[in-house]
Amino acid sequence: MSDDKKLTTRAADFSAWYNELVLRAELADYSPVRGCMVIRPLGYGVWERMQRALDDMFKATGHVNAYFPLFIPESFLSKEAEHVEGFAPECAVVTHGGGKALEERLVVRPTSETIIYSMFAKWVQSYRDLPLLYNQWANVVRWEMRTRLFLRTMEFLWQEGHTAHATHDEAEEEARRMLGVYRTFMEDYIAMPVITGQKTEAEKFAGALRTYACEAMMQDNKALQAGTSHNLGQNFAKAFDLTFQNEAGEQAYAWNTSWGVSTRMVGGMVMTHGDDNGLRLPPRLAPVQVVIVPIWKTDEERDATVARARAIADDLGSFKRLEHERIRMHVDDRVGIKPGAKYYHWELRGIPLRLEIGPRDLASNQCMLVRRDTREKVAVSMDALATELPARLEAMQRDMLAAARARLEANSIRERISYDRFKEVMEGDGAFVYAGWCGDPEVEAQVKAETKATIRVIPDAEFRTPEAPTTCLVTGRPAKYEVVWAKAY
RNA sequence: CGGGGCGUAGCGUAGCCCGGUAUCGCGCCUGCUUUGGGAGCAGGAGGUCGCCGGUUCGAAUCCGGCCGCCCCGACCA
């Protein structure tokens with residue numbers, strides 16, 4: 001048992017811990033191309049669970065899926081001034097095809113507003129054609145200077161919703177609705193509590209009227225922007241001539257929204273729940289929820305325990321069961337590996353529950369059940385598994401959210417502090433600091449330069465401090481907003 | 001792009017200063033014994049020492065150039 005089996009601890013080096021964990025738990029690996037990653041089956045399995053849950057939520061809120069191409073004519077990008085300024089520097093551009101220089105260069109999509117709204121313009125004539133509520137699951141490319149597995153890669157997977165509406169208020173409602181969908185998903189599935197709110201001008205999406213975001217707190221107290229939803233106003237409609245005839249018979253520009261979440265959420269999940277023993281997967285996202293480890297000494301015992309393990313897995317994991325009643329099971333019947341080694345193997349990978357079935361258990365018609373989050377170990381009757389396992393999985397899902405929420409609050413500073421104290425906090429352990437802001441972008445830039453902290457959001461009402469701050473943290477001038485400051489990924 | 005670090009077997013490394021047959025651990029393969037918290041013993045496979053050039057009888061080691069990756073910063077889902 002040498003030390004190289006142990007992970008670097010979070011306390012020793014959070015960044016190293018994260019990288020090691022992602023690699024060793026086999027979530028992802030570095031690719032031959034700098035800044036790109038290979039998502040391995042465990043990581044992709046988590047992403048698939050995320051996709052399913054979100055896709056259902058999108059459908060339930062009236063959206064349909066479609067697919068738009070990877071290549072976008074370069075000229076499209078430049079039709080919206082702020083948009084091109086924001087994205088052009090990080091675009092990959094195709095200059096040649098079939099061995100010849102292209103007449104017009106093609107941008108590999110960094111996001112699809114331009115191509116989608118140019119198509120919407122073809123499809124919309126009347127207010128009766130609205131709203132258009134589209135989503136696509138896709139990959140996008142942004143030429144990032146510095147990358148990190150899942151958190152920032154040059155190519156990443158995401159979904160991008162794009163909608164068109166007849167009025168500003170409808171678009172605003174949509175942008176808000178989808179922010180709420182994201183929040184629900186992050187809390188109910190990733191067990192990752194978030195602060196929602198509006199982005200400042202400096203932080204908003206290039207080309208948007210307003211940007212809303214979900215901000216989560218990682219275990220190093222840094223913020224992770226986990227999802228964004230934009231009210232695009234009529235900026236893109238004007239750029240792409242997305243017009244319709246309204247009820248009064250007049251031509252009007254449509255109002256758009258776009259919203260997206262990405263594989264970055266997998267990184268968020270890791271940094272929210274991982275511990276020094278490895279990954280901890282929220283049960284709802286775990287590709288395997290229960291791993292059964294049969295234990296034996298003799299061949300006869302092996303036959304018996306493996307058979308029993310398979311019978312349980314086949315029953316509770318059967319595809320004949322309705323999905324919500326099905327438990328995702330795996331039997332680790334590898335020979336030549338001792339049980340202890342298997343325990344470490346699955347703990348590193350964050351599988352929520354482990355069932356140990358040995359000869360003694362067969363004799364007493366019970367088995368040992370171990371929770372990954374608490375490592376609590378209890379004996380459970382074999383006959384009770386069909387109810388015990390789902391109950392424990394649900395309890396884990398709840399407990400993980402509660403623990404993460406407690407950590408978020410414990411590392412938030414809501415009392416009024418001086419700017420000097422603020423600097424100390426940001427140089428030290430970090431925190432989400434709720435404070436007044438006079439609304440001056442210069443102040444925001446100054447704080448960023450001095451402390452690396454930024455305004456994560458102007459929080460929505462429910463997240464605000466009961467007694468609103470009256471003065472600006474930095475200038476002492478009257479506070480225009482209460483904002484959340486933090487260092488971010 | 002600036003700063004730092006590193007390229008030696010699948011992974012992690014020693015050797016480099018002071019040139020002379022490639023080190024160790026993990027992993028892998030075979031066999032036997034094991035299996036309720038990272039098994040033991042025995043045998044075995046696996047290497048263009050990142051690339052190119054130079055110095056030398058001889059280069060992982062010295063010199064020059066290049067490439068790649070990771071970490072820290074400026075930019076970002």
Side-chain angles (χ1 to χ4, degrees), chain A residues 1-6 8 13-16 18-20 23-24 29-36 85-91 110-111 138-160 182 199 202-206 211 213-216 223-230 258-268 277-278 293-299 301-302 305-306 332-348 354-363 367-368 370 375 377 379 448-449 452 454 487-489:
Chain A
M1 200 198 310
S2 55
D3 274 355
D4 64 353
K5 287 185 175 173
K6 293 237 187 295
T8 297
D13 185 341
F14 192 80
S15 185
Y18 175 81
N19 288 328
E20 270 179 41
L23 294 172
R24 287 167 62 167
D29 202 351
Y30 294 107
S31 88
V33 177
R34 179 193 74 86
C36 293
E85 193 185 324
F87 282 104
E90 54 181 5
C91 281
T111 179
N139 59 337
V140 286
V141 169
R142 298 179 189 179
W143 214 261
E144 301 289 351
M145 297 183 184
R146 223 186 117 216
T147 57
R148 297 198 65 190
L149 294 169
F150 287 112
L151 302 176
R152 185 172 305 102
T153 47
M154 297 217 304
E155 178 190 8
F156 57 93
L157 305 183
W158 76 346
Q159 60 68 217
E160 46 182 326
Y182 287 159
K199 288 284 181 182
E203 299 281 331
K204 76 169 194 191
F205 177 77
T211 290
C214 296
E215 295 282 330
L224 184 75
Q225 180 174 300
T228 49
S229 181
H230 317 289
S258 70
W259 27 276
V261 292
S262 73
T263 39
R264 166 179 268 195
M265 291 190 298
V266 178
N277 298 308
V293 178
I295 298 163
W296 64 81
K297 282 190 174 36
T298 66
D299 285 352
E301 286 172 348
R302 186 175 67 133
T305 54
V306 169
D332 187 353
D333 57 3
R334 290 176 293 172
V335 297
I337 298 176
K338 296 181 68 161
K342 292 181 181 178
Y343 302 163
Y344 281 98
H345 179 91
W346 296 110
E347 281 174 5
L348 174 63
R354 179 176 79 235
L355 262 187
E356 305 171 10
I357 301 181
R360 293 204 296 271
D361 301 311
L362 287 186
C367 46
M368 300 307 294
V370 185
R375 303 181 112 191
K377 188 166 182 169
K448 184 174 182 180
K452 290 173 199 154
T454 50
K487 285 204 264 189
Y489 273 95

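Since we're looking at a predicted model, the values are computed, not measured.
- Listed nucleotides: B:rU35, B:rA74, B:rC75. Nearest to the side chain of A:Lys448: B:rC75.
- Figure legend. B:rA74 is base-paired to no nucleotide; pairs are counted as Watson-Crick or G-U wobble with both atom distances under 3.5 Å.
- Residue contacts shown for A:Ser258 are absent, as no nucleic acid heavy atom lies under 4.0 Å away.
- Toward the 5' end of RNA chain B, the nearer of the two residues A:Thr147 and A:Arg354, judged by each one's closest nucleotide, is A:Arg354.
- In this structure, the OH atom of A:Tyr30 is 14 Å from the P atom of B:rC11, given to the nearest Å.
- The separation between A:Leu23 atom CG and B:rG27 atom P is 19 Å, rounded to whole Å.
- Annotation: cation-pi geometry satisfied between A:Arg354 and A:Tyr343 (NZ/CZ under 6.0 angstrom from ring centroid, within 45° of ring axis).
- Within the 4.0 angstrom heavy-atom criterion, base atoms lie near A:Glu356.
- When distances run from any side-chain atom of A:Arg142 to the nucleotides B:rA77, B:rG36, B:rU35, the shortest one goes to B:rA77.
- Ion pairing between a basic and an acidic side chain is recognised when a charged N comes within 4.0 Å of a carboxylate O; A:Glu215 and A:Lys199 show such pairing.
- With a cut-off of 3.5 Å on both Watson-Crick or G-U wobble distances, the partner of B:rA22 is given as none.
- Distance, A:Arg148 CZ to B:rC75 P: 17 Å, rounded to whole Å.
- When rounded to the nearest whole Å, the span between CD1 of A:Ile295 and P of B:rA39 equals 13 Å.
- Applying the Watson-Crick and G-U wobble criteria (two distances, each under 3.5 Å), B:rC16 pairs with nothing in any strand.
- Distances shorter than 4.0 Å separate none of the side-chain N or O atoms of A:Asn19 from OP1 or OP2 on B:rC70.
- Counting heavy atoms from C-beta on, the side chains of A:Arg148 and A:Asn19 come closer than 4.5 Å.
- One atom, NZ of A:Lys338, and another, P of B:rU34, lie 11 Å apart when rounded to the nearest Å.
- Side-chain atoms of A:Glu347 and base atoms of B:rG37 include a donor and an acceptor less than 3.5 Å apart.
- Aromatic stacking of A:Tyr344 on B:rG37: not satisfied for centres closer than 5.5 Å together with planes under 30 degrees.
- Under the Watson-Crick and G-U wobble criteria, each requiring two contacts below 3.5 Å, nucleotide B:rG43 is paired to B:rC29.
- One interatomic measurement links the two molecules: CE of A:Met145 to P of B:rC69, which rounds to 16 Å at whole-angstrom precision.
- Minimum atom distance to the side chain of A:Ala341 is reached by B:rG38, of the listed B:rG36, B:rG38, B:rG37.
- Here the P atom of nucleotide B:rG38 and the CZ atom of A:Arg375 are 12 Å apart, to the nearest Å.
- Residue A:Gly260 is classed as having no contact, given no heavy-atom separation below 4.0 Å to the nucleic acid.
- Counting heavy atoms from C-beta outward, A:Thr305 and A:Leu362 have side chains that approach closer than 4.5 Å.
- Residues A:Arg264 and A:Trp158 are not in side-chain contact: their nearest non-hydrogen atoms beyond the backbone lie 4.5 Å or more apart.
- A:Lys297 has no side-chain polar atom (N or O) that falls below the 4.0 Å cut-off from OP1 or OP2 of B:rG36.
- Straight-line distance from the OH atom of A:Tyr18 to the C1' atom of B:rC71: 15 Å, rounded to whole Å.
- Proximity of a side-chain donor or acceptor of A:Lys342 to a complementary backbone N or O of A:Arg334 within less than 3.5 Å is detected.
- Residue whose closest nucleotide on RNA chain B sits further toward the 5' end, between A:Val335 and A:Lys452: A:Val335.
- Using the Watson-Crick or G-U wobble rule with both distances under 3.5 Å, B:rG64 pairs with B:rC52.
- If you check B:rU34 for Watson-Crick or wobble pairing at under 3.5 angstrom, you find it has no partner at all.
- For the P atoms, the distance from B:rG54 to B:rA14 is 30 Å, rounded to whole Å.
- Residues A:Gln159 and A:Trp259 meet the side-chain proximity criterion, which asks for heavy atoms closer than 4.5 Å.
- Closest to the A:Lys6 side chain, of the nucleotides B:rU35, B:rG38, B:rA74, is B:rG38.
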